[in-house]
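To start, the structure itself, in structure tokens.
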Amino acid sequence: MPTPSTPAPDVSRKARQTNFRFRCIACGDLSDRAGQDFRCAHCGDLLEITYPHWKESAFDAHELKSAWRQRRLSQSAIDLSGVWHFRDLLPTLDDNDQAITLREGNTPLYELPQCARITGVPRLFAKHQGLNPTGSFKDAGMTVAATFARLAGFRWVACASTGNTSASMAAYAARGNMRSLVLVPDGKISWSKLSQALDYGAVTCQLRTDFDGCLKLLQELVLRAPVYQLNSLNPFRLEGQKTLAFELLEQLDWQPPDHIIVPGGNLGNSSAIGKALLEMHALGLISHLPKLSVIQAEGANALVRTLREAGGKQLVSVHAETRATAIRIGNPASWKKAVHVLEATGGACEQVTEAEIAQAKAEIGAEGIGCEPASAVTLAGLKKLVKQGFVRPEESVVLVLTGNLLKDPDFTMEFHRGDLLKGTDESASAALNSLRRPPIVLEATLDAVIRTLEQAEKS
Ligand code: F0G
């Protein structure tokens, strides 16, 4: 680990030679440089990346779309990345070989016929970000942010995480020959995610605090040691995550869906998708904006409360508790960015219970797709938005599934064994019995297996 006295590389060393600037989301200050904490030097708020030359250069939307179509024929590493595929709308590199890529992005857009029947919304799709190289949407942001960390000369990268960011960061650091430091809440993340960080060689610290405590400590660390932070308050992360929306619209032949629904934790992803939608609209790539809605777990509902109790003007933090551990976050860093994109696109913000999450996860699994619990809040939230009349049956809806089913096998096993909601919500749990498929232990005889098959056929 570098000592605090080692001089810190300049996080924005390359920024001056490229196509973007940093802009403070509160005071609007524009700068070519960003500090280690990625906060405005004047008011301390978050930075975003902005592209001043976009106005003058007036991209031709048709030319961009046809360049992207053409790129699909290429076999070069940068073109095979579903993120760098859209590099015209990202911070530029001097050389394509600089990108640290695992061929992220390129994720499928699935129809969800069974969930469509359940919700009464026939045109229902899932954009499955869980099919990224490390199994979550984080890879799309990480390829860009890790690349800029290496360009800025950093040897160490670090993040606080509920699991997926750390898995992704560790993989991209390893690919880029950098060392990585992971801070995770002790006992509150799934073993699958933790094991990924270990396998990719990260120095992994399980801190006796929650995610919010880990993130706070990281903020202090980056001011003391030459460590590049790869949490989503790093605006390069959000630039990479924007490409989820570019890719989605390309898959829909640039016809925007009526609604996009995304889970909300630290609120980086919703902010990134919203930024992408606004940019696509401004550049004439899409004719109108989809409504972007954010769904949170009831036990980690800081954004819901921020909007309901403070009109979106100040953050209402919560003590977060949910079995959807990926979004077990009470003090979301990007709340202001999320409020902005919700308002700009006319989206909604809802919360769902633990039982609703478990049910939705099983219903997505029954489609043969599967996702992790945090992703399932989207389907649970859609049911509420339909009931409220915010989503109408004739409208088209895309759910963003953020993580792979294999990310949290304990949740899935406990659900199917009937243990998940024990002692919390017994009546809600009993109502989900028809969705449960617990493993059956049998004598190893043909009769026993045939009897089981017959019983299953009747049920
Ligand atoms: N879904 C999954 C699977 C996640 O891992 C996360 C966040 C979210 C949704 C929420 O996204 O934070 O951008 O609003 N996981 C982070 C992590 C916090 O450390 O892996 P968000």
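Residues: numbered from 1 along the sequence shown. Both ligands and their constituent atoms are indexed starting at 1 by order of listing.
Salt-bridge check for Lys422 with Glu414: failed, with every basic side-chain N at 4.0 Å or more from each acidic carboxylate O. Ionic pairing of Glu363 and Lys383 is present here: one or more N-O contacts between side-chain nitrogen and carboxylate oxygen are shorter than 4.0 angstrom. Salt bridge status for Glu350 with Arg308: present, with a side-chain N to carboxylate O gap under 4.0 Å. The pair Glu279-Lys275 meets the salt-bridge criterion, since a charged nitrogen lies less than 4.0 angstrom from a carboxylate oxygen.
Remark: ligand 1 atoms within the under-4.0 Å shell around heavy atoms of Ser161 are 17 (C), 19 (O), 20 (O). Within ligand 1, the atoms closer than 4.0 Å to a non-hydrogen atom of Asn266 are 12 (O), 14 (O), 21 (P), numbered from 1 in the order shown. Atoms of ligand 1 found under 4.0 Å from any heavy atom of Gly264, numbered from 1 in the order shown, are 14 (O). Close contacts of ligand 1 with Ile329, meaning ligand atoms under 4.0 Å from a residue heavy atom, involve 18 (C). When each atom of ligand 1 is checked for a heavy atom of Thr165 under 4.0 Å away, the hits are 16 (C), 17 (C), 19 (O), 20 (O). Atoms of ligand 1 lying under 4.0 Å from at least one heavy atom of Gly268, given by number and element, are 13 (O), 14 (O), 21 (P).
In this structure, a donor-acceptor pair under 3.5 Å is absent between the side chains of Thr162 and Lys193. Looking only at atom types and distance, the side chain of Glu372 has a donor-acceptor partner in the side chain of Asn164 under 3.5 Å away.
Backbone and side-chain nitrogen or oxygen atoms of Glu372 are examined, and none is located within less than 3.5 angstrom of a nitrogen or oxygen of ligand 1. Considering backbone and side-chain atoms alike, Thr162 places an N or O below 3.5 Å from some N or O of ligand 1. Where the criterion is an N or O separation shorter than 3.5 Å, residue side chain and backbone included, Ser232 fails it with respect to ligand 1.
Summary of contacts: the protein heavy atom closest to atom 15 (N) of ligand 1 is Lys138 NZ, 2.9 Å. Regarding atom 5 (O) of ligand 1, its nearest protein heavy-atom neighbour is Asn164 ND2, 2.7 Å.
When heavy-atom distances to ligand 1 are checked against a 4.0 Å cut-off, Lys193 has no atom that comes that close, whether in backbone or side chain. Contacts with ligand 1 closer than 4.0 Å are made by no heavy atom of Lys407, backbone or side chain. Residue-level proximity to ligand 1 for Ile327 is carried by the side chain, the only part with a heavy atom below 4.0 angstrom.
Screening Phe38, Trp156, Tyr172 for a ring-ring contact (aromatic ring centres under 6.0 Å, His included) involving Tyr228 leaves a single residue, Phe38.
Annotation: side chain of His85 is not in contact with side chain of Thr243 (no heavy-atom distance under 4.5 Å).
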